[in-house]
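Report on the following structure.
Residue numbers begin at 1 in each chain, while the letters A, B, ... track the order of the sequences.
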Amino acid sequence: MSLEDELLTQRLCRAREIAALGFEPYGRRFDFTSTLAEILTGYAAKTAEELVPEIRVRVAGRLMTKRLMGKAGFAHLQQDGERLQIYVKKDAAGEREFTLFQLLDIGDIIGVEGYLFRTRTGELSVHVEKIEFLSKTLLSMPEKWHGLEDVETRYRQRYLDLIANPEVRKVFITRARIVASLRRQLEARGYIEVETPMMQPLYGGAAARPFVTHHNTLDIDLYLRIAPELYLKRLVVGGLERVYEINRNFRNEGLSTHHNPEFTMLEFYQAYTDYRGLMDLSAELLKQVAVDATGSAEVEYEGRRLDFSRLDRYTMREAVVQFWEAPDRPSLADVADPDWLRRHSGQATAGEALTDVFERSVEDKLIQPTIIYDYPVETSPLSKKKPEDPAFVERFEIYAAGMEIGNAYTELNDPQEQRRRFEMQLAMREGGNEEAHQMDEDYVRALAYGMPPAGGEGIGIDRLTMILTGSRSIRDVILFPLLRPEGPLELVNSLRQRDTL
RNA sequence: GGGCGCGUAGCUCAAUUGGCAGAGCAAGUGACUCUUAAUCACUAGGUUGAAGGUUCGAUUCCUUCCGCGCUCACCA
């Protein structure tokens, strides 16, 4: 018998012994008077004398340590990432409760009742008089000192990661704060939150390969959305002038430390503004979200300080000149010159070549939060052209820590022009570009009813969270990142064999 | 998909040039009524990711496969 099987047998027997004592191995509702966190904040500063007269409490949590010394013992309960010590003495708790305490395994969940006191070494603790058993653990917890470090196990069994590693819990709390902050800020500006289809008959709004699924009754293939953009703009046509959605996008592409097949995007659209308006809004949103998430507009990421209180702005051409590190730094005239671009990139058009040069020479140098604006028209089929230069569109991206975290533009609202852009995309598609847009005729129809001038923006929540939590990998900010499925676990078999224990 | 790296007890890690697979925690038994990485004594726990190969002998070298990580490509 393997150790794990032996342990399982032991623990199942233990559960039976607990039941024999008159406790339920899987207990019921427990009304606590305070959370552990409340007790710690409320009484951490109180001296032993100030804890008299007795302050009675009922608290619950998972047993994380246990030090048994004959007829008394100490243990720590953990709840919401906080730990509080309990002291169980046979004299005080009684024979039955003390026997239960002796039977407890690390990982069991219990509730206790008693009064607060300070131990001789000064630790705030609960002097236990009553124990209720709430849930039995059948498997062993990660090691108490090192915690759980195996990356694969941490991602596959996030529950264990959350139990063992308090900083992981903090990352996801910060993530929740980020989302809440963005919602609050947008709501304060009159935006309303909407939900648009995740399963779409046509996919669009970004350049990416989709996941395909099938609806049986309608007998149609559907795509998991790569972006909500085209639906959100239909809503702008319909008079929802400020809308946003925070939800998942799905892109059937590679995985990396910066890419998960499903990821969370905030997209928001505002009628009667343009990309300049959104630049200002972005600066406000990002500064505030950094403050709300971390307490400061300055955050440290991989040893560098990023200042979200200011967003530098460069046109794409300016950025190439500014951040060029190779010899022969180009001039602004060079990066506008099709011949120069052709010499520095294999791309077919001047616009694609500029984007290519930008991505290769600039992108990973944009450590400070920075706006790059004015993109070539070729790569931006849904944005409005610059009136003075139709080769460029009114689009910007936000970079930080060398990553793209946002993308925005003045929305193209001319249906005739949109039709031409889609047709350009179709031609690229026929030329073998799998990621080029499909024709979305209903979207053109929506524009044909008239869409107010508008600006729209997407912000990658996962990447923003990476930066604001100091996480190196996107998997560290996604609770359950996509992994290859595990092999058989054999736990169910083991349990079945012990069904009568 | 390419390149590099990793995989040893439930967890965290050792194992010399290819020479008896080990420790701490967790677990079991016993002692202990203020401990806190509790302590003390004893015990058990391994298909070294899997399958082949080389060798008298493989955790160690080789091949293939599986899983994960990093990186490049692609992408946000």
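A donor-acceptor pair is defined here as one N or O able to donate and one able to accept, closer than 3.5 Å; such a pair exists between the side chain of A:S361 and the backbone of A:V357. Side-chain atoms of A:E195 never come within 3.5 Å of backbone atoms of A:E245 as a donor-acceptor pair (strictly under, hydrogens ignored). A side-chain donor-acceptor contact under 3.5 Å links A:Q438 to the backbone of A:Y203.
Residue pairs meeting the side chain to side chain donor-acceptor pair (under 3.5 Å) criterion with at least one member in residues 87-98 of chain A, sequence neighbours excluded, do not occur.
Atom name C1', nucleotides B:rG19 and B:rA58: the rounded distance is 10 Å, in whole Å. Separation of the P atoms belonging to B:rC61 and B:rG7 is 10 Å when rounded to the nearest angstrom. Using atom C1' as the reference point in both B:rU43 and B:rA26, the two lie 15 Å apart (nearest Å). B:rU59 and B:rA27 are spaced 25 Å apart, taking the C1' atom of each and rounding to whole Å. The separation of B:rA31 from B:rU17, taken at their C1' atoms, amounts to 47 Å, rounded to a whole angstrom. Here, B:rA21 and B:rG57 have their C1' atoms 15 Å apart, quoted to the whole Å. B:rC62 and B:rA44 are spaced 37 Å apart, taking the C1' atom of each and rounding to whole Å. Separating the C1' atom of B:rU29 from that of B:rA14 is a span of 28 Å, rounded to the nearest Å.
Cation-pi geometry between A:R395 and A:Y375 is met: the NZ or CZ atom falls under 6.0 Å from the ring centre, inside 45° of the normal.
Using a 4.0 Å heavy-atom distance criterion, A:E123 is classed as a base contact. Residue contacts shown for A:R154 are absent, as no nucleic acid heavy atom lies under 4.0 Å away. Nucleic acid contact for A:R484: sugar-phosphate only, since backbone atoms but no base atoms lie under 4.0 Å from a heavy atom of the residue. Within the 4.0 angstrom heavy-atom criterion, only backbone atoms of the sugar-phosphate kind lie near A:A207; the bases stay farther away. Counting non-hydrogen atoms under 4.0 angstrom, A:N260 reaches a base of the nucleic acid. In this structure, A:G458 reaches neither bases nor backbone, as no heavy-atom distance under 4.0 Å exists between it and the strands shown. Using a 4.0 Å heavy-atom cutoff across all strands shown, A:N407 reaches no nucleic acid atom at all. A:Q85 comes within 4.0 angstrom of a base, heavy atoms only. The residue A:Y399 sits apart from the nucleic acid: no heavy atom pair falls under 4.0 Å. Counting non-hydrogen atoms under 4.0 angstrom, A:R83 reaches nothing in the nucleic acid. A:E152 comes within contact range of the sugar-phosphate backbone alone, with a heavy-atom separation under 4.0 Å but no base atom that close. Looking at heavy-atom distances under 4.0 Å, A:R463 makes contact with a base. Counting non-hydrogen atoms under 4.0 angstrom, A:T257 reaches the backbone sugars and phosphates but no base. Base contact: A:K89 has a heavy atom under 4.0 Å from a base atom.
Looking at heavy atoms from C-beta onward, A:Y373 lies in side-chain contact with A:M279 at the 4.5 angstrom threshold. By the 4.5 Å heavy-atom criterion applied to side chains, A:R169 and A:N165 are not counted as neighbours.
With rounding to whole Å, A:I467 atom CD1 is found 12 Å from B:rA76 atom C1'. Between A:L104 atom CG and B:rU35 atom P the separation is 21 Å, expressed in whole Å. If you measure from atom NE2 of A:H127 to atom P of B:rC34, you get 11 Å, rounded to the nearest angstrom. The CH2-C1' distance, from A:W145 to B:rA37, rounds to 5 Å in whole Å. Summarising the geometry, the separation between CG on A:L483 and C1' on B:rG7 is reported as 16 Å, rounded to the nearest angstrom. Rounded to an integer number of Å, the gap from A:R475 CZ to B:rG67 P is 14 Å. Rounded to whole Å, atom C1' of B:rC74 lies 12 Å from atom CG of A:L255. In this structure, A:R67 atom CZ and B:rC25 atom P are separated by 14 Å, rounded to whole Å.
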>> Could you spell out the base pairing of RNA chain B as a dot-bracket line? Use Watson-Crick and G-U wobble contacts where both distances are under 3.5 Å, [ ] for crossing pairs, | for partners on a different strand.
In response: (((((((..((((.....[..)))).(((((.......))))).....(((((..]....))))))))))))....

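Judged by distance alone, with hydrogens and angles left aside, A:E143 brings a side-chain donor or acceptor within reach of the base of B:rG24, the pair sitting under 3.5 Å.
Applying the side-chain contact (heavy atoms from CB on, under 4.5 Å) test between A:E82 and each of A:L40, A:L77, A:T35, A:I39 identifies A:L40 as the sole match. Each of A:T264, A:L464, A:T469 was evaluated against A:R175; a single residue qualifies, A:T264, per the side-chain contact (heavy atoms from CB on, under 4.5 Å) test.
Residue ring and nucleobase are stacked for A:F263 and B:rA76, with a centre distance beneath 5.5 angstrom and an angle between planes beneath 30°.
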